[in-house]
Undergrad: 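Mind looking over this structure? Questions follow.
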Amino acid sequence: MIGIAIDGPSGAGKSTIARALAKELGYIYVDTGAIYRTVGLYMYRVGVSTEDTAGIEKNLPDVQFELKYENGEQKMYLCGEDVSDKIRTPIIAKYASVVSAVPSVRAFLLETQKKLARENNVIMDGRDIGTVILPSAEVKIFLTASAESRADRRVKQLAEKGEIVGYEETLAAIRERDERDSGRDVAPLKAAEDAVLLDTSALTLEESVAAAKKIVEDRLGEKKTQKQSVKNKDKNHSGLYYWLLKYVAPFVRRLMCVHTYGTDNEKNEGPLIICANHTAIFDVLSLAVSFKRQLRYLAKKELFKIPLLSQLISALGAYSVDRGANDVGAIKKTLSLLQNGEVVAMFPQGTRYRGVDPAETPVKNGVGMMVYRSHADVQPVFIRVKGYKYRFLRRKDVIIGEPIRYEEFGFTNGGKEEYERAAKLVFDRILALRNEGLDK
Ligand code: DC
């Protein structure tokens, strides 16, 4: 997973920049300040004073918070209540700053943040992301701006919302918070040694976003080039065959009687998981000749033992998976392909069902887990063959549905139930395509 850390004092523009970059890169944006604010809100509500460290520690185990993504936006829940707006007040900002200086609070929140970064491509903003939470982040930015320019921005921001606050008092509050956040013993606000400094005092918001974007592109570009040389080696043995196949694809399509519908729906770039119903091993071939993009796919280990077929499927971008065993290698490989922006085809049923209506078959939850971990969008495809009995020369309709965006799955913390729900959503979308094009 790729991690981008953005640290800096409040008001330097971290969240706006992080949000814009996350959208562009398709990563999730994690606003860690909001987590501290939620803890702060809890302490405020139960009446613990900001001076009472023992009280904060005593109440900490009762803080039941949850972080959810709704339409791509991070939402904070406290004891089941959506408090995303309620944490944005000056008094809660103060409480957040106070609780964040308590070591046990930081320890309490550490794993949640690390887990998010382990399982997702993230852009995280906060104070200690590059130093503590993601010390090996691919990109680290330390965003600063003078206290005066931050106060100025804050006053204008609030005025736009109809709230009038004085410049001097805002500046004083910012200075006080800076001091508390930088002067504390535990995880003080400071730039990681390998962070790129970006001072936004003299920049507009648009200019700041552009500058941050450039830093990210430069850094990720370097890493990608390193990865690319490894990836190319991996691809070479199959690339030639694959392109040959693409070249002869029109003939193969005719020979196999493949009719493709919904080609306009094909998602043309970025990581993508293609999910289809499965009746025969040749489904992969039908998919390969229906899509413009090159597919990679998991194939069970046994297939690699069959002469000729083994060469053919490798040429088509197959990689092996040990079904039944928990093949961590295959999962990792799939995730890394997706991370590189490739297309992976998967069959949610987990196996072939010859002669069985797909609506009658069970669905495995592996696809759900892959989506959750890769953050990829999913393209549902229905492969229609008469009686679900695949014959090489019998007509097959490959119906490409609209992509399901990652956000639509509404994942919160992953887990079996969420994977099952996601796999079911995918399969329902596949089944919904079954009658497309019949009237034509
Ligand atoms: O970014 P923010 O203003 O929402 O953060 C609220 C407070 O939380 C801030 O005063 C410092 C603290 N914080 C922290 O100590 N570490 C983080 N990673 C994020 C925020």
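As the structure lists them, so they are numbered: ligands from 1, and atoms in each ligand from 1.
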Undergrad: Can you name the nearest heavy-atom pair linking V105 to V39, along with the distance?
TA: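 Answer, listing the atom of V105 first, then V39: CG1-CG1, 4.3 Å.
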Undergrad: Salt bridge (Lys or Arg N to Asp or Glu O under 4.0 Å) for E408 and R429? Distances and angles first, verdict last.
TA: CA-CA 12 Å; E408 271 188 66; R429 295 284 179 94; 2.7 Å; yes
Undergrad: Check whether any N or O atom of K14, backbone or side chain, sits under 3.5 Å from an N or O atom of ligand 1, and answer yes or no.
TA: no
Undergrad: Which residue supplies the protein heavy atom nearest to atom 14 (C) of ligand 1, what is that atom called, and how far is it?
TA: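 Looking at atom 14 (C) of ligand 1, the protein heavy atom closest to it is R127 CG, 3.4 Å.
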Undergrad: What do the steps show when you test E119 against Y372 for side-chain hydrogen bond (donor to acceptor under 3.5 Å, both in side chains), and what is the final call?
TA: CA-CA 8 Å; E119 296 177 350; Y372 174 71; 2.8 Å; yes
Undergrad: Considering non-hydrogen atoms of the protein only, which is the closest contact for atom 19 (C) of ligand 1, and what is the distance?
TA: T32 OG1, 3.3 Å
Undergrad: Output the list of atoms in ligand 1 that are nearer than 4.0 Å to some heavy atom of S97, sorted by atom number.
TA: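 Ligand 1 atoms under the 4.0 Å threshold to S97: 10 (O).
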Undergrad: Measure the acute angle between the ring planes of F411 and F409, then classify it against the limits of 30° and 60° as parallel, tilted or perpendicular.
TA: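 F411 and F409: parallel rings.
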Undergrad: For the residue pair K68 and Y77, would you count it as a cation-pi contact if the rule is NZ or CZ under 6.0 angstrom from the ring centre and within 45 degrees of the ring axis?
TA: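 Yes, K68 lies over the aromatic ring of Y77.
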Undergrad: Would R106 count as being in polar contact with ligand 1, using the rule that some N or O on each side must be under 3.5 angstrom apart?
TA: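 For ligand 1, there is an N or O atom that lies under 3.5 Å from one belonging to R106.
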Undergrad: May I ask you to identify the nearest protein heavy atom to atom 8 (O) of ligand 1, giving residue, atom name and distance to one decimal place in Å?
TA: Y36 CB, 3.6 Å
Undergrad: Taking distance alone, with no angle check, do R184 and ligand 1 share an N/O pair under 3.5 Å?
TA: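 Yes, R184 has an N/O under 3.5 Å of an N/O on ligand 1.
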Undergrad: Checking D152 side chain against E148 main chain: does a donor-acceptor pair fall under 3.5 Å?
TA: no
Undergrad: Any non-hydrogen side-chain atom of T279 less than 4.5 Å from a side-chain atom of R352?
TA: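 The answer is no; the side chains never approach within 4.5 Å.
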Undergrad: Distance-only, no hydrogens or angles: does the Q379 side chain make a donor-acceptor pair with backbone N or O of K267 under 3.5 Å?
TA: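 Between the backbone of K267 and the side chain of Q379 there is a qualifying donor-acceptor contact (under 3.5 Å).
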Undergrad: Side chain or backbone, does D181 bring an N or O within less than 3.5 Å of an N or O on ligand 1?
TA: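 Between D181 and ligand 1, an N or O pair is found under 3.5 Å apart.
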Undergrad: If you measure from each non-hydrogen atom of R37 to ligand 1, which part falls under 4.0 Å: side chain, backbone, both or neither?
TA: side chain
Undergrad: Do any N/O atoms on D125 end up under 3.5 angstrom from N/O atoms on ligand 1?
TA: no
Undergrad: Among all protein heavy atoms in this structure, tell me which lies nearest to atom 7 (C) of ligand 1, with the distance rounded to 0.1 Å.
TA: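 That would be A96 CB, 3.7 Å.
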Undergrad: Between E81 and R45, is there a salt bridge with N-O shorter than 4.0 Å?
TA: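 Yes, R45 and E81 are salt-bridged.
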Undergrad: Give the residue and atom name of whichever protein heavy atom lies nearest to atom 12 (C) of ligand 1, and the separation in Å to one decimal.
TA: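 Looking only at protein heavy atoms, the one closest to atom 12 (C) of ligand 1 is S100 OG, 3.5 Å.
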Undergrad: Before signing off on this row, confirm whether R177 and ligand 1 have an N or O atom pair separated by under 3.5 Å.
TA: yes
